[in-house]
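What follows is a short report on a single structure.
What's counted below: heavy atoms across the whole structure, side chains too, no hydrogens, waters or symmetry copies. Indexing begins at 1, ligand by ligand and atom by atom, following the structure's order.
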Amino acid sequence: MRNTFFILFTLLAILTSCSENEKTYRIAVSQCGSGRWRDKVSREMLAAQHLYDQDVKVDVIEAHDDTELQIRQIDSLADTDMDLLVVAPNEAAPVAEAIAKVRKKGIPVIYFDRKAETNDYTAFIGGNNVEAGKASANYVLNLAGPLLADGHKPKVVEITGAMTSSPAQERHEGFSSMMSDHEELEYICKEADWTSDEACRIAEELLDSEFPPVFFFCHNDGMATGVYKAVVEKNAEGKVQILGIDGLPGEGIEYVQFGHQVGSYVYPTHGELIVKLALDILTGQPYERDN
Ligand code: FRU
């Protein structure tokens with residue numbers, strides 16, 4: 001009897017110590033804004049809480065495209081017990097200081113999709129935005145082929161996201177570098193702010209001009225819908241070809257199927273890989289710094 005008691009007691013002690021040792025990894029995610037693309041990444045990260053062996057808690061905090069708010073949110077996150085910060089900085093320069101403070105506390109930081117202007121980060125994971133710009137430019141060049149063969153000089157307009165954010169800077173870098181090699185096209189670039197309304201306003205103005213554009217390349221599909229709205233309003237359907245980025249089902253893919261856009265570049269989400277990278281960092285596994 002005494003022996004059974006002893007075994008039971010020992011088992012209980014082992015079980016208690018196991019559960020005490022099982023750490024819950026707290027991952028805070030600072031999202032710059034919302035929208036279909038970002039919401040999909042957030043849902044994937046939340047689902048990934050149950051995907052891996054470790055006990056992990058993901059909290060997503062959204063900054064509504066407001067840089068000041070994002071800075072305040074990161075500052076207050078730095079005072080919590082988070083183990084790692086995942087951040088998509090709304091603007092590359094202003095958010096850098098808040099991130100530096102987090103790093104000073106020894107907390108690892110993953111940039112996802114967007115980068116800040118500080119090299120003091122643990123890892124980056126995101127799409128190749130320079131490549132997205134180049135691939136879109138290549139597509140425009142293909143589409144322009146028949147017009148060029150007929151001796152036309154079609155106007156190509158790039159409508160950018162907010163140029164204070166790293167994806168807009170990189171998409172522009174890729175697209176404009178290709179366009180500068182092709183003077184047979186007339187290329188102009190207009191800065192917008194990722195919103196459909198602003199893209200619509202810009203497109204309306206351009207469609208009213210003496211030489212309206214033939215091609216619009218927008219930095220996301222949301223802005224491409226704004227351009228399409230302007231095209232419909234100005235009775236320019238069939239005269240204009242629109243390209244976007246994100247390529248989500250229910251958004252860009254659908255607009256291409258409807259014929260509103262001629263193409264959309266698929267910008268991958270993969271929230272589960274962000275959580276995997278975070279866990280590799282937290283558990284001391286090998287990981288790539290730039291993904
Ligand atoms: C959403 C979004 C996407 C875009 C990405 C770039 O906030 O604007 O549409 O591809 O951000 O960071």
Side-chain angles (χ1 to χ4, degrees), residues 29-45 60-67 69-70 73 86-96 99 109-117 121 124-137 139 158-175 189-200 202 216-229 242-256 260-261 263-271 273-274 290-291:
V29 181
S30 170
Q31 273 279 25
C32 54
S34 57
R36 269 180 192 269
W37 186 89
R38 230 154 260 295
D39 296 345
K40 183 165 182 282
V41 187
S42 295
R43 282 198 305 275
E44 287 164 352
M45 283 191 272
V60 181
I61 297 101
E62 210 237 288
H64 309 284
D65 304 310
D66 178 341
T67 303
L69 176 61
Q70 188 173 34
Q73 288 173 338
V86 173
V87 56
N90 193 43
E91 295 182 278
V95 182
I99 289 170
V109 170
I110 296 179
Y111 291 157
F112 92 90
D113 157 53
R114 299 189 182 187
K115 298 167 192 155
E117 276 181 21
Y121 63 94
F124 165 78
I125 181 164
N128 184 335
N129 286 295
V130 176
E131 191 46 46
K134 283 188 179 165
S136 305
Y139 194 35
E158 175 185 8
I159 301 188
T160 74
M163 284 299 276
T164 46
S165 70
S166 64
Q169 292 161 1
E170 292 168 3
R171 288 171 192 186
H172 172 66
E173 184 190 323
F175 193 80
C189 180
K190 296 276 180 190
E191 182 177 352
D193 56 4
W194 300 114
T195 68
S196 172
D197 286 351
E198 180 61 2
C200 181
I202 292 171
F216 281 93
F217 161 55
C218 302
H219 279 198
N220 69 5
D221 290 327
M223 292 195 289
T225 59
V227 172
Y228 179 70
K229 207 170 138 206
I242 307 168
L243 279 87
I245 291 185
D246 284 347
L248 289 179
E251 203 190 45
I253 301 282
E254 208 166 277
Y255 305 149
V256 173
H260 299 177
Q261 284 175 222
S264 176
Y265 181 91
V266 177
Y267 189 53
T269 50
H270 287 303
L273 295 182
I274 304 172
D290 289 293
N291 301 270

(message) Check this for me, if you would: do Lys115 and Glu170 make a salt bridge, where the nitrogen-to-carboxylate-oxygen distance has to be below 4.0 angstrom?
(response) yes

(request) Compile the protein residues with any heavy atom at a distance under 4.0 Å from an atom of ligand 1; present them by chain, then by number. (result) Ser34, Arg38, Asp113, Arg114, Pro167, Arg171, Trp194, Asn220, Asp246, Tyr267

(message) Once side chain to side chain donor-acceptor pair (under 3.5 Å) is applied, do any residues pair with Thr160, and if so which ones, sequence neighbours excluded?
(response) none

(message) Checking the side chain of Asp221 only, and the main-chain atoms of Gly247 only, is there a donor and an acceptor separated by less than 3.5 Å?
(response) yes

(request) Answer yes if the ring centres of Tyr228 and Tyr255 are under 6.0 angstrom apart, and no otherwise. (result) no

(request) Could you give me the CA-CA distance, side-chain angles and deciding distance for His64 and Gln70, then say whether side-chain hydrogen bond (donor to acceptor under 3.5 Å, both in side chains) is met? (result) CA-CA 8 Å; His64 309 284; Gln70 188 173 34; over 6 Å; no

(message) Using the side-chain contact (heavy atoms from CB on, under 4.5 Å) definition, which of the options Ile99, Asp290, Ile110, Val87 pairs with Tyr121?
(response) Asp290

